[in-house]
Amino acid sequence: MRTSPGAAYDLGYHVVWCPGYRRPVLGGRVKDRLEERIHAKADEHDGEIVALEVLSDHVHLFVKPHPKHSPSYVAGQFKGCTSHHLRADFPHLRSQLPTLWSRSSFVATPGAVSAQTVQRHIETQDERSSKGGGRA
């Protein structure tokens, strides 16, 4: 449990996001730099990284943020910061992908969702969305 003036909290989120079209670009030095940036962003916002797993085509993050931050804000901060820095440090990411991350992310409280649901989200990230909402 963590405390701040006027509050005690133990809030956690499981955040999952993928590179555009689930391209396997998160290996080697890119993975190392991504992990470094995620930890720096958590420190910047007074958050605690409980677990982090970076696979070649997606990221799993268990984070305990300050309660003033909404789930979408937390996911957006990690995705925005890491995209900016990784694309600046690794020019091949700019040429391979118009944007590093897919527009979608998955956020849930740990234990509130099955691994099957998370996997289903990851698997749909290689689909190109159209206005009709299916494969284009």
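We count residues from 1, following the sequence as given.
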Stepwise side chain to side chain contact (heavy atoms under 4.5 Å, CB included) test for I122 and H60: CA-CA 10 Å; I122 293 167; H60 285 272; 3.8 Å; yes
Heavy atoms from other residues, nucleotides or ligands near CD of Q116 exceed 12 (cutoff 6.0 Å): no
4.5 Å side-chain heavy-atom contact, W17 and S104: no
Distance in Å, R87 CZ paired with L97 CG, rounded so as to fall on 0.5 Å steps: 7.0 Å
CD on Q119 to OG1 on T124, rounded to 0.5 Å: 10.0 Å
S72 and V107: CA distance, side-chain angles, deciding distance, side chain to side chain contact (heavy atoms under 4.5 Å, CB included) verdict: CA-CA 8 Å; S72 61; V107 182; over 6 Å; no
Aromatic plane relationship, F106 with H121 - under 30° parallel, 30 to 60° tilted, over 60° perpendicular: tilted
Electrostatic pair R120:E123 at N-O distance under 4.0 angstrom: no
Least distance between heavy atoms, G12 atom then P110 atom: O-CD, 3.2 Å
Nearest-0.5 Å distance, CD1 of residue I49 to CZ of residue F62: 11.5 Å
Nearest-0.5 Å distance, CD of residue E36 to NE2 of residue H85: 10.0 Å
Least distance between heavy atoms, K31 atom then L26 atom: CB-O, 3.3 Å
Under 3.5 Å: donor-acceptor pair, side chain of K79, backbone of L100: no
Short side-chain to backbone donor-acceptor contact, R37 and H84, under 3.5 Å: no
Shortest non-hydrogen separation from V74 to P65 and the atoms involved: CG2-CB, 3.9 Å
Minimum side-chain heavy-atom gap K41-T82 below 4.5 Å: no
Check against side chain to side chain contact (heavy atoms under 4.5 Å, CB included), V25 and V30: CA-CA 8 Å; V25 296; V30 174; 5.7 Å; no
Donor-acceptor pair, side chain of S95 and main chain of H92, under 3.5 angstrom: yes
Pair H66 + H45: ring centers closer than 6.0 Å: no
Side chain proximity check, I38 to V59, heavy atoms < 4.5 angstrom: yes
F78/V63 under side chain to side chain contact (heavy atoms under 4.5 Å, CB included): CA gap, chis, key distance, verdict: CA-CA 11 Å; F78 285 113; V63 62; 4.2 Å; yes
Nearest-0.5 Å distance, OH of residue Y13 to CG of residue L61: 12.5 Å
Audit row: Q125, H58, side chain to side chain donor-acceptor pair (under 3.5 Å) steps and yes/no: CA-CA 10 Å; Q125 295 309 296; H58 66 278; over 6 Å; no
Nearest-0.5 Å distance, NE2 of residue H39 to CG of residue L34: 9.5 Å
